[in-house]
Amino acid sequence: IDGRGWRSGAPVEKKRLAQWFYRITADAPELLSALDELEKWPERVRVMQANWIGRSEGARLRFGLVTPEAGIDEVEVYTTRPDTLYGMSFLAIAPEHPLAAAVAARDAGAAAFVAECARLGTSEAVIEAAEKRGYDTGIRVAHPFIEGASYPVWIANFVLMEYGTGAIFGCPAHDQRDLDFARKYGLAVPPVVLPPGEDAATFQVGAKAFVDDGVIIHSGFLDGLTAPAQAKRAAIAELERRGAGKGVVNWRLRDWGFSRQRYWGTPIPVVHCHSCGVVPVPETELPVVLPEDVQFDVPGKVLDHHPTWKHVPCPACGAPAERDTDTLDTFVDSSWYFARFCSPRASGVVDRAAVDHWLPVDQYIGGIEHAILHLLYARSFTRAMRKTGYLGVDEPFEALFTQGMVTHASFRATDGRWLTPDEVDLRGDGSAVERASGEAVLVGRIEKMSKSKRNTIDPGEIIDRYGADTARWFILSDNPPERDMEWTEAGAVGAFRFTQRLFRLVESAPARPSSMPNAWSAASRALRRTTHRIISAVTEALDDFAYNVAVARVYELTNAISDAERGDATDASLVWARFEALEAVARLAAPMMPHLAEEMYTRLHPGFDGVVADLPWLEADAALAAAESVIIAVQILGKLRGTIEVAPGADDASVLAAAAGEANVARQLEGKRIVKRIYVPGRIVNFVIAG
RNA sequence: GCGAGAGUGGCGGAACGGUAGACGCAGUCGACUCAAAAUCGACCGACGCAAGUCAUGGGGGUUCGAAUCCCCCCUCUCGCACCA
């Protein structure tokens, strides 16, 4: 952790650290390399983190100014393409670069250009991103390899001060941005990488830079090299030999500025003292607690203008001093809460035995919006906690699942007001009117719920109207959890209807049979087969996060129970099977609609005083789930021509004979020569015929 | 621009390389009702009277067999974005 912006010698109220930083950059190499081991994380998140960390290999090199400017005699450049140094035609610096400032001090044109770039800043710069503009400073720099050659130095709006060194060497033939810039200002475009099939004597770059691999040409000692890695190594070695530069690894990741001028956050446990500077609050006085008697309606920092909170004696010398009145970014709290959750009542930070037992988190579920910041901070924080002995793992989350968001259509009145779903009546044809006025409403995009678009659904109202189980069931049933789901009234009503249907099935359920039947009817065997097949299907679906499929399977079993209800009421074995199936529905649905499941189970088992959630998970009986006969698809040349029903263990010859004998198949095989017979047991027969 | 992912009925979506469209929503018809709601039953990819044919963004390929695997293209979504 670093403090930056310290102004020594200033009065105490100014004697503040402008911002606290967490040095996450120190972890960059490990945070990147360890991504490979997070096998149970989505590829997408790992890629996003890798891009965010942004490792690149290249070289830093210095270009000497032919004539020094205001004491500056060289410009340092970062490049990933030292192999194209001979293709240089200009050097470009960011408008915020010190050399640009030096030039602006004496050159009104440069000053105007720099000011213009600053004015456009970030917002408009994005819009005008396509337009590359520059200003020729008149300064020239020498080439590190080519004796006597010199190149113009431009200030360019497309060079970023935040990345690399804020300066680049322009190689237009092999970089599209440099090419756009060179064409605009009529700068040279010397090619130094030859595409396959081109002639070195005649090759020229047109409107598109050649950025792929080729043979190095017109490049002195690099000529003839074909492998880019080899050419880069050779160029770097030469730079190092001449003392003009060196190979470096560059990172995009910046340190995490993690102090905030807000009330809601963890106080930063340091005291600022006139004579001792920044003094940590002693461990015995931790944690520093936020005051509760605060005023939010006064301008400025809440903690700063609290009358007493910040005034404390310096822990080191006892003189009057002040607490830091910034708070930590709330991402700090989410970077280690999972460790605290292992032992929430621990007197210290965490209980080491508890975190050793529980961490890493077996399965983390969260929104994709946390792909980078939270998940990267937590990974780094976990490493910091390991180094300081609080826990013993590097990676906090072994497996990650990113679920989608709940979305809803948005509505807008003709005068532009956003309307809530409650203020709108939907018509059958998809149009909508404002309930109060009857006026037409524009039905907008289906998007993430937000207060500004007013397309939110209040969970409290849903629970009041339908109950929490309906909401759960609908959300799970609508689509796969990794995708965004659309909340619709019709969908909620459909889920609600199902809860009512389940309840009716339980109300009309038979009493729990006292003993198992001796004989099983065909109908009862079929129902039990369905029950046990679905127990394993739901189990598998839940394990795979395929909650929508688990829901569909529960529907299937429910439909089978409804069919059985209409069956032979005097069939004792069917009644028994029905009870078993209903009990299975209650227990399989329990994770997804717990309240109704408990109610169902209790009604099936009067006197039961436990909870379904505590019962062991149901296990399917494979023997009962096994089919008594299987339907085999019969294809000719891969096209379905019929189906046959056979015993599960039927031998190949008899299945093939039955397949060939199927009426439609037989008709189509007539007079044809069968060249190959394929039988995939229990699934399919395929006849390959000649001609 | 770079990277990742996805395209299946009217909609959400199923489908170890093996009967495409499970299940739900919407819809159609019917039962019940004086009527409506609720409920229950049947139907529900396209073309066709039918037999059948065609269908998983488009085009090739591998295979006895492709929504699924490979190549090219198109479209969409997401992330990063003058990253040198």
Side-chain angles (χ1 to χ4, degrees), chain A residues 42-52 54-56 58-59 77-81 84 92 94 125-126 128-132 156-160 162-171 174-178 180-181 211 250-252 368-369 371-372 404 428 430 473-474 477-480 482-486 488-495 497-498 500-501 504 537 540-541 546 548-559 562 565-566 631-644 664 667-668 674-689:
Chain A
E43 174 68 16
R44 167 160 99 115
V45 173
R46 290 190 285 170
V47 168
M48 282 163 74
Q49 291 211 351
N51 290 343
W52 190 258
R55 180 183 196 275
S56 77
V77 155
Y78 172 73
T79 180
T80 55
R81 294 295 304 271
T84 63
V126 172
E128 298 205 60
E131 175 76 13
K132 289 182 179 36
N157 67 341
F158 68 94
V159 179
L160 305 174
E162 311 82 66
Y163 188 80
T165 61
I168 62 162
F169 82 87
C171 176
H174 307 293
D175 181 285
Q176 193 58 46
R177 290 157 311 172
D178 295 350
D180 295 345
F181 189 77
V211 296
N250 198 52
W251 303 85
R252 205 191 78 102
I368 188 68
E369 68 273 21
I372 296 173
W473 190 253
F474 173 39
S477 70
D478 190 59
N479 63 359
E482 66 272 20
R483 298 193 201 169
D484 288 348
M485 74 90 61
E486 185 193 356
T488 59
E489 189 68 17
V493 169
R497 270 205 302 264
F498 183 67
Q500 303 304 297
R501 187 173 157 214
R504 279 195 306 274
E540 201 175 306
N548 56 324
V549 178
V551 165
R553 296 296 163 249
V554 172
Y555 270 109
E556 244 183 278
L557 183 53
T558 306
N559 291 343
S562 292
E565 242 185 6
R566 289 191 297 276
I631 297 187
I632 307 282
V634 184
Q635 300 179 334
I636 296 172
L637 287 173
K639 287 194 192 281
L640 181 71
R641 296 303 175 195
T643 57
I644 54 171
N664 193 38
R667 196 164 50 76
Q668 302 223 13
I674 299 173
V675 295
K676 196 171 181 185
R677 296 172 175 81
I678 291 147
Y679 174 46
V680 181
R683 291 203 170 270
I684 201 160
V685 169
N686 192 10
F687 293 114
V688 183
I689 57 174

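Side chains included, hydrogens not; waters and symmetry mates left out as well; all remaining heavy atoms used.
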* To do: Would you classify Asn559(A) as touching base, sugar-phosphate or nothing, given that sugar-phosphate means primed atoms plus P, OP1 and OP2, and contacts are heavy atoms under 4.0 Å?
  => sugar-phosphate

* Which nucleotide sits closest to the side chain of Arg252(A): C80(B), C40(B), A84(B)? -> C80(B)

* When rounded to the nearest Å, what value does the distance between C1' atoms of C69(B) and C16(B) take? -> 14 Å

* Can you name the ring-ring contact (aromatic ring centres under 6.0 Å, His included) partners of Phe169(A), sequence neighbours left out? -> none

* Asked: For Tyr78(A), which contact category applies under a 4.0 Å heavy-atom criterion: base, sugar-phosphate, or nothing?
  -> base

* Which nucleotide, C82(B), A4(B), G18(B), lies nearest any side-chain atom of Val47(A)? -> A4(B)

* Asked: Taking for each residue the nucleotide of RNA chain B with the nearest heavy atom, is it Ile368(A) or Leu637(A) whose nucleotide lies nearer the 5' end?
  -> Leu637(A)

* **Test item: Val493(A) and Phe498(A) side chains (from C-beta on) under 4.5 Å apart, heavy atoms** => no

* Asked: Stems in RNA chain B: runs of 3 or more consecutive Watson-Crick or G-U pairs, distances under 3.5 Å?
  -> B:1-7 with B:74-80, B:10-12 with B:23-25, B:27-31 with B:39-43, B:45-47 with B:52-54, B:57-61 with B:69-73

* Asked: Does the C82(B) base have a donor-acceptor partner in the side chain of Lys132(A) within less than 3.5 Å?
  -> yes

* To do: Would you indicate which nucleotide in G18(B), C25(B), G79(B) comes nearest to any side-chain atom of Ile684(A)?
  => G18(B)

* Syn/anti label of G58(B) as read from its glycosidic torsion, with the cut at 90° from 0 -> anti

* **No-hydrogen, no-angle side-chain donor-acceptor test under 3.5 Å, Tyr78(A) and Ser56(A)** => yes

* Asked: Is the shortest side-chain N/O distance from Arg55(A) to OP1 or OP2 of C83(B) below 4.0 Å?
  -> no

* Asked: Has Arg641(A) got a side-chain N or O lying under 4.0 Å from the OP1 or OP2 atom of U19(B)?
  -> no

* To do: Please tell me which of Val688(A) and Val551(A) maps to the more 5' nucleotide of RNA chain B, matching each residue to the nucleotide holding its nearest heavy atom.
  => Val551(A)

* From the options G52(B), U39(B), G3(B), select the nucleotide whose nearest atom is closest to the side chain of Asn664(A). => G52(B)

* Asked: Rounding to the closest angstrom, what is the interatomic distance between A67(B) and A55(B) at atom P?
  -> 10 Å

* To do: Output the single nucleotide from A20(B), A84(B), C64(B) whose closest atom is nearest the side chain of Leu640(A).
  => A20(B)

* Asked: If only side-chain N and O atoms of Asn548(A) are considered, is one of them under 4.0 Å from the OP1 or OP2 phosphate oxygen of A14(B)?
  -> yes

* Given G24(B), U19(B), U39(B), which nucleotide is nearest the side-chain atoms of Arg497(A)? -> U39(B)

* Taking only the side-chain nitrogens and oxygens of Tyr163(A), find out if one of them lies under 4.0 Å from OP1 or OP2 of A84(B). => yes

* Using the C1' atom in both, what is the distance from G7(B) to G58(B), to the nearest Å? -> 12 Å

* Asked: Atom CZ of Arg553(A) and atom C1' of G24(B): how far apart are they, to the nearest Å?
  -> 12 Å

* Counting only side-chain N and O atoms of Asn686(A), is one of them less than 4.0 Å from OP1 or OP2 of U63(B)? -> no

* Asked: Tell me: CG of Leu160(A) to P of A81(B), nearest whole Å?
  -> 10 Å

* Using the six-membered ring of Phe181(A), assess whether NZ or CZ of Lys132(A) lies under 6.0 Å from its centre and within 45 degrees of the ring axis. => no

* Arg177(A) has a side chain; which of G18(B), A84(B), C40(B) sits nearest to it? -> A84(B)

* State whether Arg683(A) places a side-chain N or O below 4.0 Å from either non-bridging phosphate oxygen (OP1 or OP2) of C64(B). => no

* To do: Report yes or no: do Arg501(A) and Asn559(A) form a side-chain donor-acceptor pair below 3.5 Å?
  => yes

* **N/O (side chain, Arg46(A)) to phosphate O (OP1/OP2, G3(B)) under 4.0 Å** => no

* What nucleic acid atoms does Ile632(A) come within less than 4.0 Å of, heavy atoms only: base, sugar-phosphate, or nothing? -> nothing

* How many angstroms lie between atom OG1 of Thr643(A) and atom CD of Gln635(A), to the nearest 0.5 angstrom? -> 12.0 Å

* Asked: Would you say a side-chain N or O of Asn479(A) is under 4.0 Å from OP1 or OP2 of G13(B)?
  -> yes

* When we call it a touch if two heavy atoms are under 4.0 Å apart, what does Thr643(A) touch: a base, just sugar-phosphate, or nothing? -> base

* Nearest-Å distance once atom P is located in both U33(B) and G24(B) -> 27 Å

* Verify side-chain contact (heavy atoms from CB on, under 4.5 Å) between Ile631(A) and Ile644(A), making sure each step is shown before the conclusion. => CA-CA 6 Å; Ile631(A) 297 187; Ile644(A) 54 171; over 6 Å; no

* Taking the P atom of each, how far is C73(B) from G3(B), in whole Å? -> 13 Å

* Nearest-Å distance for atom pair CZ/P, residues Phe158(A) and G1(B) -> 18 Å

* Asked: Considering only the C1' atoms, how many Å lie between U63(B) and U68(B), rounded to the nearest integer?
  -> 13 Å

* Nucleotide of A51(B), G12(B), G18(B) approaching Gln635(A) most closely (side-chain heavy atoms) -> G18(B)

* Asked: Looking across every strand, which nucleic acid part, if any, lies under 4.0 Å from Pro42(A) by heavy atom: base, sugar-phosphate, or nothing?
  -> nothing

* **Rounded distance in Å between the P positions of A4(B) and U19(B)** => 32 Å

* Quantified in whole Å, what is the C1' atom distance between nucleotide C25(B) and nucleotide A14(B)? -> 15 Å

